[in-house]
Amino acid sequence: MASLFSSRTFSIKGLGIDITPIQRIARLIDRYDRETLNLLFTLGEIDRCQAANDPHQDYAICFATKEAVGKALGTGLAGIGWNEIEVDITHSKLIIHLQGEASIQAKQQGIREFLATWCYWDQHVLVQVLAQ
């Protein structure tokens, strides 16, 4: 019988899940200027979210992904700058880039990559991040 899985082995190092209300993030986005938003989001994230069909939803996805990555690292965001985790949303796929302390913590734990998914329902975004 053929295996449903490839011969590649997976080593799960962490799992992070976050639920974020889109309206909460929308209030934050609408209240602050670009410079202040740059405390939470990278300039690339701000540019991509502003160009999106639903900017508030994309900002919420980025926010929830950062929270979920912190949980997958097992440290939360303590000692990690929000801009050290960058999220790129492409065709409903999340690509996560780490820099600085976030990258150091991932390397110390042997994390090579993150697999991330998201869904939307009832004005909330749920993001799941698997660290391997």
Side-chain angles (χ1 to χ4, degrees):
M1 183 170 147
S3 172
L4 295 176
F5 302 99
S6 71
S7 60
R8 182 177 165 191
T9 59
F10 295 93
S11 175
I12 298 172
K13 307 285 186 183
L15 174 67
I17 299 172
D18 193 71
I19 299 171
T20 300
I22 294 172
Q23 288 305 313
R24 176 177 160 224
I25 301 302
R27 285 190 302 273
L28 179 105
I29 300 308
D30 293 343
R31 181 182 309 156
Y32 296 109
D33 63 8
R34 184 179 180 93
E35 184 177 325
T36 304
L37 290 177
N38 189 230
L39 297 172
L40 293 176
F41 303 101
T42 67
L43 294 176
E45 288 170 328
I46 293 169
D47 288 342
R48 288 188 298 273
C49 289
Q50 290 296 337
N53 289 336
D54 187 346
H56 291 147
Q57 178 176 295
D58 279 23
Y59 275 115
I61 293 167
C62 289
F63 185 90
T65 302
K66 291 169 189 263
E67 290 276 2
V69 166
K71 293 170 185 173
L73 288 171
T75 60
L77 294 173
I80 297 174
W82 284 84
N83 285 329
E84 293 177 5
I85 303 168
E86 183 168 17
V87 182
D88 190 359
I89 307 164
T90 56
H91 305 291
S92 72
K93 179 180 176 184
L94 300 177
I95 300 169
I96 298 167
H97 304 281
L98 302 182
Q99 299 175 24
E101 186 60 32
S103 178
I104 292 168
Q105 285 186 24
K107 286 177 185 170
Q108 288 174 342
Q109 295 180 37
I111 297 170
R112 295 181 319 276
E113 67 179 332
F114 292 94
L115 302 174
T117 61
W118 67 275
C119 65
Y120 159 84
W121 89 103
D122 194 29
Q123 292 298 306
H124 289 76
V125 169
L126 177 124
V127 174
Q128 299 176 58
V129 173
L130 182 66
Q132 56 181 37

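None of the values given here were measured: they were computed from a predicted structure.
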Is the shortest side-chain heavy-atom distance between Leu98 and Ile85 below 4.5 Å?
yes
Can you list every ring pair (Phe, Tyr, Trp, His ring centres under 6.0 Å) pair that touches residues 13-56, not counting sequence neighbours?
Phe41-Tyr59
Just by distance, do the side chain of Arg48 and the backbone of Asp58 share a donor-acceptor pair under 3.5 Å?
no
Decide whether Ile12 and Leu115 are clustered together by the hydrophobic rule: side chain heavy atoms of Ile, Leu, Val, Met, Phe, Trp, Tyr closer than 4.5 Å, transitively.
yes
Do other residues, nucleotides or ligands put more than 12 heavy atoms under 6.0 Å from Arg34 CZ?
yes
Looking only at side-chain N and O atoms, does Glu67 offer a donor or acceptor that is under 3.5 Å from a partner on Thr20?
no
Can you tell me how far CG of Leu43 sits from CD of Glu35, rounded to the nearest 0.5 angstrom?
10.5 Å
Using side-chain heavy atoms (C-beta onward) and a distance below 4.5 Å, is Leu94 in contact with Ile89?
yes
Have a look at Lys66 and tell me which of Glu86, Glu84, Glu45 forms a side chain to side chain donor-acceptor pair (under 3.5 Å) with it.
Glu45
Atom pair CG/OG1 of Leu28 and Thr36 - distance to nearest 0.5 Å
9.5 Å
For residues Val129 and Ala116, report the shortest heavy-atom separation together with the two atoms involved.
CG2-CB, 4.0 Å
Got a donor-acceptor contact below 3.5 angstrom from the Lys71 side chain to the Ile17 backbone?
yes
Go through the steps for Ile80 and Val69 under the test side-chain contact (heavy atoms from CB on, under 4.5 Å), then give the verdict.
CA-CA 11 Å; Ile80 297 174; Val69 166; over 6 Å; no
Please report the interatomic distance CD(Gln105) to CD1(Ile111), rounded to the nearest 0.5 Å.
9.0 Å
Sequence neighbours excluded, which residues qualify as side chain to side chain contact (heavy atoms under 4.5 Å, CB included) partners of Gln57?
Ile22, Asp54, Ile61, Trp118, Tyr120, Val125
Let me confirm one number: the OG1-CD distance from Thr42 to Gln99, rounded to the nearest 0.5 Å.
8.0 Å
What pair of heavy atoms forms the shortest contact from Asn83 to Asn38, and how long is it?
ND2-O, 2.5 Å
Do the non-hydrogen side-chain atoms of Trp82 and Leu77 ever get within less than 4.5 Å of each other?
yes
What's the spacing between Gln108 CD and Thr75 OG1 if we round to 0.5 Å?
10.0 Å
Quick one: ring-ring contact (aromatic ring centres under 6.0 Å, His included) partners of His124, sequence neighbours excluded?
Trp121
